[in-house]
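Naming convention: chains lettered A, B, ... in sequence-line order (proteins, then strands); numbering from 1 in each chain.
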Amino acid sequence: MVILSTSPDLELNFQQVEEKWQKRWSESRIFEADPDESRPKFYVTVAYPYPNMPQHIGHARTYTLADVYARYKRMRGYNTLLPMAFHYTGTPILAQSKRIQSNDRELIEQFKSLGVSEDVIKTFDSPLNIARYFHNDLKLGMIEMGYSIDWRREFTTIDPAYSKFIEWQFYKLKSRGYITKGVHPIGWCPSCRNPVGQHDTKGDAEPEVGEFVAIKFFMDGSYLPAATLRPETIFGVTNIWVNPKSDYVEVEAGGERLILSKPAAKKFDEQSSGVKVIRELKGSTLVGKYAVNPLTGDRIPVLPADFVDPENATGVVMSVPAHAPYDLLAIMDLQNHPERLKEYGLDAGVVSSLKPIPVVRSPGLPDIPTVDLIQKLGVRDQLDPKAEEATKELYQREFHTGEMRAETGRYAGMPVSEAKEEIKNDLIRSSKAFKFYEIINGPIYCRCGAKVTVNLMSDQWFINYGDQNWKSLVKDHLNKMSILPEELREEFENVVDWLKEKACARRAGLGTPLPWDRDWIIESLSDSTIYMAFYTIAKTLNEARIDPSLLTPEAFDYIFLGLGDPSSLGVPRNLLEQMRREFLYFYPLDSRHSGRDLVPNHLTFFIFNHVAVFPQPLWPRQIVVNGSVLMEGKKMSKSLGNIIPLRRAIRMYGADTLRVSILSASELLQDADFSDSLARTTKVKLQEFYKFSLKYCDAPPLSGEGFDSLDKWLLSRVQRIIEQATSSMENLRVREAIHCSFFILQQDIMWYLRRKGSQANDEKTRSIVRYALENMIKLMAPFSPHICEELWERFGHKGFISVERWPDIQYSLIDERSELSEDLVKGVIGDTSEILKVTGISPSKIYYYTSPRWKWEVYLNLLGLLESGVDPKSLLREAMKNPAIRSKGGVAAKFISTISSSIVTMPKEQRKKILSTGILDESEILNKNLQFLSEYFKSQVEVLSGESPRYDPKGKAEQALPMRPAIYIEGS
RNA sequence: GCGGGGGUCGCCAAGUCAGGUCAAAGGCGCAAGGCUCAGGACCUUGUGGCGUAGGCCUUCGUGGGUUCAAAUCCCACCCCCCGCACCA
């Protein structure tokens with residue numbers, strides 16, 4: 001774009017323009033959508049935000065995309081609804097307020113760096129204050145970004161009416177049999193007596209729960225529960241390991257006595273009930289005793305090993321030297337240090353008689369794989385870190401490729417992965433073992449300082465996403481849904497397959513109590529699956545101030561399912577009917593938007609719950625998923641401190657700049673790399689667009705006839721761009737849409753003006769540029785709505801561009817001949833430049849020789865043959881069947897072979913265009929452009945006919961091809 | 001392991017679904033020229049190699065294959081990133 005000299009009224013003040021239009025939008029209520037049977041509707045929603053942090057540029061991507069889509073659909077004539085709400089449900093806000101109560105400097109600094117004032121932070125000791133503060137901040141950010149939201153439908157997920165709605169949903173799930181109850185292990189703080197999630201731990205570590213099998217080895221009236229991840233190796237146990245230096249306790253539980261490490265006893269207590277400590281003992285006192293393998297009945301010794309960690313699992317380990325490197329190493333250590341045996345009064349014979357017992361056979365591994373592996377990796381002893389590596393490697397190999405050996409009875413021949421489960425279940429069923437849970441990525445500490453353990457939540461409620469019938473309904477519907485981008489469909493299908501029971505309630509947090517068991521609060525991923533339906537009635541609930549206590553399950557049954565009699569439900573009948581109408585008008589949801597992190601949970605739950613609760617015609621139609629935003633090439637994170645709050649960014653760059661930058665930075669699924677320089681560049685481009693456009697706001701409107709070829713060319717180009725932009729928008733290829741609506745169209749306009757030369761300021765020219773610009777403003781309106789509104793007004797239009805009609809293609813303005821003419825001129829310029837570059841000549845006179853008529857005829861004939869499906873291989877042969885061509889003989893054959901490859905590789909549209917246009921009078925076209933070419937190359941230019949040129953010193957004329965005149969350049 | 005995404009000309013990144021407009025868009029960087037007291041900004045041009053005529057040669061993770069034609073389709077392999085849950 002041309003930079004104009006700065007003049008104040010042409011300068012674009014982003015902030016002023018944005019505020020002006022946001023105010024007008026709000027006053028005129030153009031984004032408030034009500035049912036209107038005379039118009040088709042389009043309903044878009046985005047995942048509502050969790051208000052515990054200021055919004056940043058990453059959030060803005062999803063919201064902007066949804067808004068752009070809504071704006072586009074609105075311009076396409078749809079009665080479009082885009083609502084918004086706030087998700088208060090959950091525990092992180094509680095954790096934050098606790099941290100503020102305890103004056104956590106880190107969190108306070110974080111809030112400060114995100115622009116929260118100290119006075120406000122002080123109020124954050126109450127969780128609701130946090131939610132309300134950020135709720136407001138988020139909402140203002142959305143308004144300042146220019147989102148076309150119908151705010152009458154706003155709510156929070158702890159509003160009483162919403163809770164009633166969630167209760168209704170859960171009753172529905174329960175009555176459909178999708179709610180189950182069971183036991184569930186979770187990360188737990190023994191000091192706070194509360195479950196811990198990622199936000200409750202030091203360093204925000206997510207506690208991972210691993211499941212061990214504790215196999216009970218009988219010993220002196222008590223059991224040693226050996227914890228293992230590989231119960232299938234029980235056939236290869238040669239001995240038991242304990243740590244002689246550690247403290248152990250004997251406990252009584254369920255009428256049995258168990259001996260386990262002291263820390264393990266505490267954990268056992270959390271996971272079991274009625275655990276009573278009977279006595280304490282040193283590990284060393286266990287050494288030398290004998291225990292019995294519950295499966296094989298073998299009598300095996302208890303031996304000392306340093307690698308046994310009393311903090312991990314039960315502190316009792318079964319030794320399988322054939323398949324566990326640690327075990328083999330520990331035995332070797334004992335064999336190499338007989339003095340240690342003496343220490344415990346053990347006979348050397350006990351250890352020397354221990355022979356590895358192979359249980360698993362894996363292709364490519366020896367019978368006793370541990371021996372080789374230890375040698376290969378050069379593991380020194382049981383305390384060598386490489387032992388861990390060896391263990392992992394062997395486990396992987398055997399788990400996936402191994403099978404049980406003949407000696408393992410009824411498990412013989414079974415793949416390890418299967419045998420492991422079988423044996424585990426068999427042992428547990430026969431009370432020879434029990435599950436023991438442990439934090440496997442520990443130690444992890446609660447923010448209170450206590451070490452996180454595992455607690456078994458009994459009576460845990462689940463939504464059973466594992467239900468096969470439910471899954472198949474969901475899959476069927478998924479097949480009918482549109483998924484954008486399509487690449488993600490497969491992932492959705494897989495997620496539906498994997499999903500199992502989802503714990504749907506927890507003991508703490510904001511949210512709705514489970515209606516039939518009020519000690520539990522419905523957790524956030526479970527109370528956010530069908531709320532898009534709630535928006536359709538939230539307007540009425542808000543405006544009519546309906547008493548939430550009247551919102552009984554029966555009321556919702558009527559509103560959403562049309563069940564029951566609306567005259568006897570407490571809520572006035574007319575309101576119920578109004579809500580039902582509005583729900584049926586906007587549902588089903590046309591497009592659901594979110595980031596890709598929600599694919600394996602929210603978005604899939606969303607389909608599941610719709611399928612469970614609503615009748616089939618109301619199931620959602622489309623899901624749109626976008627990638628995240630990087631900041632200067634790096635992931636945004638608290639630790640990198642590279643999070644820019646959205647509202648700060650709006651002040652720095654302007655809303656339209658942000659909208660265009662974020663959406664033009666990448667296509668849907670890819671991460672968009674935001675950077676200061678991107679935003680600056682975009683800002684400058686938008687300013688130039690604005691200033692340039694204003695030059696034409698007083699140009700006459702497009703009218704009448706008398707267009708020359710160039711005029712027709714630009715008018716035609718505008719149609720092509722409309723076509724491309726529309727198809728890009730339909731598929732939400734926003735980057736492509738911006739690219740052609742903004743950058744390509746600008747290039748075309750600039751080229752047009754350049755080509756117009758001295759006529760660039762004629763009224764006719766200006767009217768054509770005005771036409772192109774008005775279309776550009778429309779095409780860009782969804783992306784940069786504020787600037788486009790301002791321009792639209794400056795161009796003298798009364799209404800809002802936001803509700804203006806998206807441009808339709810004017811097929812009558814598509815002019816292939818003019819497009820080809822321009823292709824010819826551009827091609828000639830390109831070829832001439834190439835020759836000048838290679839030869840280094842500075843030209844004094846350039847001669848162009850156009851193709852003789854017969855070449856055009858052959859050329860068109862060839863194109864026609866290809867178009868009719870002739871194989872490129874036989875092109876020459878087919879062409880020669882034509883008597884007119886054959887009569888030309890060798891000249892024609894040579895010509896055909898010269899152009900065949902360029903003809904074959906020509907894009908289909910171009911081929912069709914040339915065919916339908918027919919022979920182009922190249923001489924006429926070039927002669928009309930003599931002056932332009934002459935000025936372009938600062939040289940004389942002459943066009944000569946290829947039939948019989950009057951001047952052709954180098955015999956160039958015969959090189960002429962259709963659309964590529966021959967060139968001869970004289971100069972120095 | 002299971003599942004998904006991805007490897008493109010210095011960097012970032014389009015193109016791959018519908019093979020031919022692809023030596024391959026765009027941006028950054030770099031180089032030359034213009035502008036300027038100078039720097040920045042900005043504009044023009046160049047940016048795989050070779051070439052005094054619009055051309056030729058080599059290239060899209062690796063190796064094969066299909067085709068008149070492959071970054072694009074098929075097969076095998078190598079490497080990188082993300083998710084696997086009760087957490088929004």
Side-chain angles (χ1 to χ4, degrees), chain A residues 2-3 47-53 87 89-93 184-187 195 197-200 206-209 395-396 399-400 417 457 460-463 465 485-488 490-495 497-506 509 523-526 528 596-602 605 627-628 630 633 664-667 669-673 675 677-678 681 684 733 735-736 739 743-744 823 827-828 830-841 866 871-875 900-911 954 956 959 961 964-969:
Chain A
V2 175
I3 304 274
Y48 48 28
Y50 187 67
N52 74 326
M53 270 224 314
H87 200 194
T89 310
T91 51
I93 287 177
H184 190 61
I186 50 161
Q198 187 175 2
H199 49 268
D200 300 310
E206 172 92 50
E208 278 179 61
V209 176
Y395 178 83
Q396 296 266 332
F399 181 81
H400 296 287
S417 52
M457 300 299 276
Q460 173 69 55
W461 293 97
F462 298 96
I463 298 179
Y465 292 123
E486 184 61 32
E487 292 103 288
L488 283 175
E490 208 173 329
E491 193 169 345
F492 273 105
E493 283 170 359
N494 288 317
V495 172
D497 279 337
W498 308 334
L499 284 180
K500 298 182 294 214
E501 289 111 340
K502 150 90 189 159
C504 64
R506 43 185 308 165
E523 63 80 47
S524 59
L525 284 172
S526 301
S528 57
R596 68 176 313 182
D597 49 334
L598 298 188
V599 171
N601 42 65
H602 165 75
F605 299 163
S628 55
L630 303 178
S664 66
S666 83
E667 222 45 273
L669 203 54
Q670 231 64 46
D671 288 342
D673 189 4
S675 61
S677 75
L678 171 69
T681 310
V684 167
R733 303 180 60 109
R735 180 192 167 106
E736 191 174 84
H739 188 247
F743 296 103
I744 302 288
D823 288 346
V828 159
D831 282 345
T832 310
S833 305
E834 173 81 4
I835 294 168
L836 291 174
K837 182 187 141 203
V838 173
T839 59
I841 296 174
L866 281 178
D871 188 322
K873 256 189 300 190
S874 46
L875 192 59
S900 65
S901 87
S902 75
I903 274 186
V904 167
T905 61
M906 183 182 289
K908 279 192 205 86
E909 308 85 77
Q910 185 75 356
R911 194 193 289 158
K954 288 279 164 84
K956 294 283 181 188
Q959 286 179 13
L961 306 175
R964 296 197 80 178
I967 301 168
Y968 172 58
I969 301 174

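- Side-chain atoms of A:R735 come within donor-acceptor range of the base of B:A25, with a qualifying N/O pair under 3.5 Å.
- A donor-acceptor contact shorter than 3.5 Å is absent between the side chain of A:E523 and the backbone of A:T89.
- The listed nucleotides are B:G15, B:C86, B:A85; the one nearest the side chain of A:R733 is B:G15.
- Between A:E667 and A:E208, the residue whose closest nucleotide on RNA chain B is further toward the 5' end is A:E667.
- Distance CG (A:L598) to C1' (B:C82): 14 Å, rounded to an integer number of Å.
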All N/O pairs under 3.5 Å across the protein-nucleotides 47-56 of chain B interface:
from: B:A53; atom 1: N6; to: A:I969; atom 2: O; distance (Å): 2.8
from: B:A53; atom 1: N1; to: A:I969; atom 2: N; distance (Å): 2.8
from: B:G54; atom 1: O2'; to: A:D831; atom 2: OD1; distance (Å): 2.8
from: B:G54; atom 1: O2'; to: A:R964; atom 2: NH2; distance (Å): 3.4
from: B:G54; atom 1: O6; to: A:Q959; atom 2: OE1; distance (Å): 2.9
from: B:G54; atom 1: O6; to: A:I967; atom 2: N; distance (Å): 3.4
from: B:G54; atom 1: N1; to: A:P965; atom 2: O; distance (Å): 3.0
from: B:G54; atom 1: N2; to: A:D831; atom 2: OD2; distance (Å): 2.7
from: B:G54; atom 1: N2; to: A:P965; atom 2: O; distance (Å): 2.8
from: B:G54; atom 1: N3; to: A:D831; atom 2: OD2; distance (Å): 3.2
from: B:G55; atom 1: OP1; to: A:R964; atom 2: NH1; distance (Å): 3.3
from: B:G55; atom 1: OP1; to: A:R964; atom 2: NH2; distance (Å): 3.3

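- In terms of position along RNA chain B, the nucleotide closest to A:T681 lies nearer the 5' end than the nucleotide closest to the other residue of the pair A:E523 and A:T681.
- Side-chain proximity of A:E491 to B:G6, B:G4, B:C86: nearest is B:G4.
- The OG atom of A:S666 sits 7.0 Å away from atom CZ of A:R735, with the distance rounded to the nearest 0.5 Å.
- Remark: the backbone N or O of A:S628 is paired with a side-chain donor or acceptor of A:D671 at under 3.5 angstrom.
- For the atom pair CD of A:E493 and CD of A:E491, the computed distance is 11.0 Å after rounding to the nearest 0.5 Å.
- As judged by a 4.0 angstrom heavy-atom cut-off over every strand, A:T91 is placed among residues touching the sugar-phosphate backbone only.
- Taking atom CG of residue A:D671 and atom C1' of nucleotide B:C81, one finds them 10 Å apart after rounding to whole Å.
- Rounded to the nearest Å, the gap between the P atom of B:U36 and that of B:U52 is 36 Å.
- Taking atom CD of A:E487 as the reference point, atom C1' of B:G3 lies 16 Å away to the nearest angstrom.
- Between the P atoms of B:G39 and B:A32, the separation comes to 12 Å (whole Å).
- Residue A:P872 has its side chain nearest to B:C68 when only B:A88, B:U21, B:C68 are considered.
- Pairing partner, B:A18: none, since no Watson-Crick or wobble contact has both distances short of 3.5 Å.
- Across the P atoms, B:G27 and B:C43 are found 10 Å apart, a figure rounded to whole Å.
- Nucleotides B:U72 and B:U16, compared at atom C1', are 4 Å apart to the nearest Å.
- Checking B:G6, B:C12, B:C2 against the side-chain heavy atoms of A:D673 singles out B:C12 as nearest.
- Across all strands, A:H602 comes closer than 4.0 Å to no nucleic acid atom at all (heavy-atom distances).
- Comparing B:A88, B:C2, B:U21 by their closest approach to the side chain of A:E909 singles out B:U21.
- One C1' atom belongs to B:C86, the other to B:A18, and the distance between them is 43 Å to the nearest Å.
- Dashed line: the shortest gap from a side-chain N or O of A:N494 to OP1 or OP2 of B:G4 is under 4.0 Å.
- As judged by a 4.0 angstrom heavy-atom cut-off over every strand, A:E486 is placed among residues making no nucleic acid contact.
- Straight-line distance between the C1' atoms of B:C9 and B:C28: roughly 15 Å, to the nearest whole Å.
- Residue contacts for A:E736: at a heavy-atom cut-off of 4.0 Å it reaches no nucleic acid atom on any strand shown.
- Separating the CD atom of A:E493 from the C1' atom of B:G4 is a distance of 12 Å, rounded to the nearest angstrom.
- Relative orientation of the A:F399 and A:Y395 rings is parallel, given thresholds of 30° and 60° on the angle between their planes.
- Residue contacts shown for A:K908 are absent, as no nucleic acid heavy atom lies under 4.0 Å away.
- Residue-level contact check: A:T89 touches the backbone only, with heavy atoms under 4.0 Å from sugar-phosphate atoms and none from bases.
- One P atom belongs to B:A24, the other to B:C56, and the distance between them is 13 Å to the nearest Å.
- B:C57 and B:C11 have their P atoms separated by 26 Å, given to the nearest Å.
- Residues that satisfy the ring pair (Phe, Tyr, Trp, His ring centres under 6.0 Å) test with A:Y465, not counting sequence neighbours, are A:W470, A:F605, A:F608.
- With distances taken from any side-chain atom of A:L499 to the nucleotides B:G26, B:G83, B:A85, the minimum falls on B:A85.
- Donor-acceptor pairing under 3.5 Å, judged by distance alone, is absent between the side chain of A:N52 and the base of B:A88.
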